[in-house]
Q: 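Input: one structure, supplied below.
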Amino acid sequence: MALKRAILGHIRVPVQTLTLTLTGIKQNQQWSLCGSSLRFMSSHDDHITKEEVIERVLSVVKSFPKVDPSQVTAGVHFQKDLGLDSLDNVEIVMALEEEFKLEIPDKEADKIDSCNLAIEYISNHPMAS
């Protein structure tokens, strides 16, 4: 049961809603197809772009209370460049997990000590949204 819950916790089915209407030529009436919408499912089209990841990672780091937003760039190191400590590093990774709706394992989270590493990890993560 625990294995099933763990597997189902990581499966996601993206859904996009598309509203289609047909316009009658003679009467100028709109007809709705299948109620009001059709649903298309795809596991490949829903992944976010690297540009969006960069923008959102930088936004999370800039909003951290101990950070001067003017110093934040894609290549900034949390401890060396921003003067943060290891606890701050953990808090930033937790904020990134919340922002992108994913769980980063502790071993991987310990390695994320810069914006660049966070961007690479998240942009390569299949469940990031």
Q: Can you tell me if Asp88 uses its side chain to pair, donor with acceptor, with the backbone of Asp85 under 3.5 Å?
A: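 Present.
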Q: So, do Phe100 and Ile48 sit near enough that their side-chain heavy atoms are less than 4.5 Å apart?
A: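 Side-chain contact under 4.5 Å: yes.
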Q: State whether a side-chain donor-acceptor pair under 3.5 Å links Ser70 with Asp68.
A: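 Checked: Ser70/Asp68 side chains pair up, N/O donor to acceptor below 3.5 Å.
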Q: If every non-hydrogen atom of Gly75 is compared with every non-hydrogen atom of Asp81, which pair is closest and at what distance?
A: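 Where Gly75 meets Asp81 most closely, the heavy atoms are O-OD2, 4.1 Å.
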Q: Is there side-chain contact between Phe78 and Val67, with at least one heavy-atom pair below 4.5 Å?
A: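 Contact flag for Phe78/Val67 side chains = no.
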Q: Going from CD1 on Ile92 to CG on Leu82, what distance comes out if it is rounded to the nearest 0.5 angstrom?
A: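 Nearest 0.5 Å value for the CD1-CG distance: 7.0 Å.
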Q: In terms of heavy-atom contacts, does CD of Glu55 have more than 12 from other residues, nucleotides or ligands at under 6.0 Å?
A: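 Open: at most 12 neighbouring heavy atoms sit under 6.0 Å from CD of Glu55.
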Q: Would you call Lys50 and Glu120 a salt bridge, taking side-chain N to carboxylate O under 4.0 Å as the test?
A: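 Looking at Glu120 together with Lys50, the answer is yes, because their closest N to O distance falls below 4.0 Å.
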Q: Are Leu58 and Val76 grouped together when hydrophobic residues (ILVMFWY) are joined by side-chain heavy atoms under 4.5 angstrom apart?
A: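 Linked, Leu58 and Val76 end up in one cluster.
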Q: In the hydrophobic cluster built from side-chain contacts under 4.5 Å, what are the other members alongside Val90?
A: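 For the cluster that includes Val90, the remaining residues are Met94.
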Q: Minimum heavy-atom separation for Ala109 to Ile104, with atom names?
A: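 Heavy-atom minimum between the residues: N-CG2, 3.6 Å.
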Q: First locate atom CG of Leu102, then atom NE2 of His125, and finally report the distance between them rounded to the nearest 0.5 Å.
A: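 NE2 of His125 is found 5.0 Å from CG of Leu102.
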Q: Might you point out which heavy atoms bring Tyr121 and Pro105 nearest each other, and give the distance in Å?
A: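 Nearest heavy atoms, Tyr121 then Pro105: OH-CD, 3.4 Å.
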Q: Specify the closest pair of heavy atoms between Cys115 and Ala74, including all atoms of both residues, with the distance to one decimal.
A: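 Taking every non-hydrogen atom into account, CB-O, 3.4 Å.
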Q: So His77 and Asp113, side-chain contact (heavy atoms from CB on, under 4.5 Å) or not? Walk me through it.
A: CA-CA 6 Å; His77 190 276; Asp113 59 1; 3.1 Å; yes
Q: How long is the span from the CD atom in Glu103 to the CD atom in Glu108, to the nearest 0.5 Å?
A: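 Rounded to the nearest 0.5 Å, the CD-CD separation comes out at 12.5 Å.
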Q: Do Leu117 and Val93 sit in one hydrophobic cluster, given that two such residues count as connected whenever their side-chain heavy atoms are within less than 4.5 Å of each other, even indirectly?
A: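 They do not share one cluster, since no chain of ILVMFWY contacts under 4.5 Å joins Leu117 to Val93.
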Q: Looking at every heavy atom in both Ile122 and Leu96, which two are closest together, and how far apart are they?
A: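 Looking at all heavy atoms of both residues, the closest pair is CD1-CB, 4.2 Å.
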Q: Can you name the residues that form a side-chain hydrogen bond (donor to acceptor under 3.5 Å, both in side chains) with Thr49, not counting sequence neighbours?
A: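 side-chain hydrogen bond (donor to acceptor under 3.5 Å, both in side chains) list for Thr49, sorted by chain: empty.
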Q: Could you go through the side-chain contact (heavy atoms from CB on, under 4.5 Å) check for Phe64 and Val72 one step at a time?
A: CA-CA 11 Å; Phe64 193 72; Val72 177; over 6 Å; no
Q: Taking all heavy atoms of Gln79 and all of Leu84, pick out the closest pair and write down the distance.
A: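 Nearest pair, atom of Gln79 first, then Leu84: CG-O, 3.0 Å.
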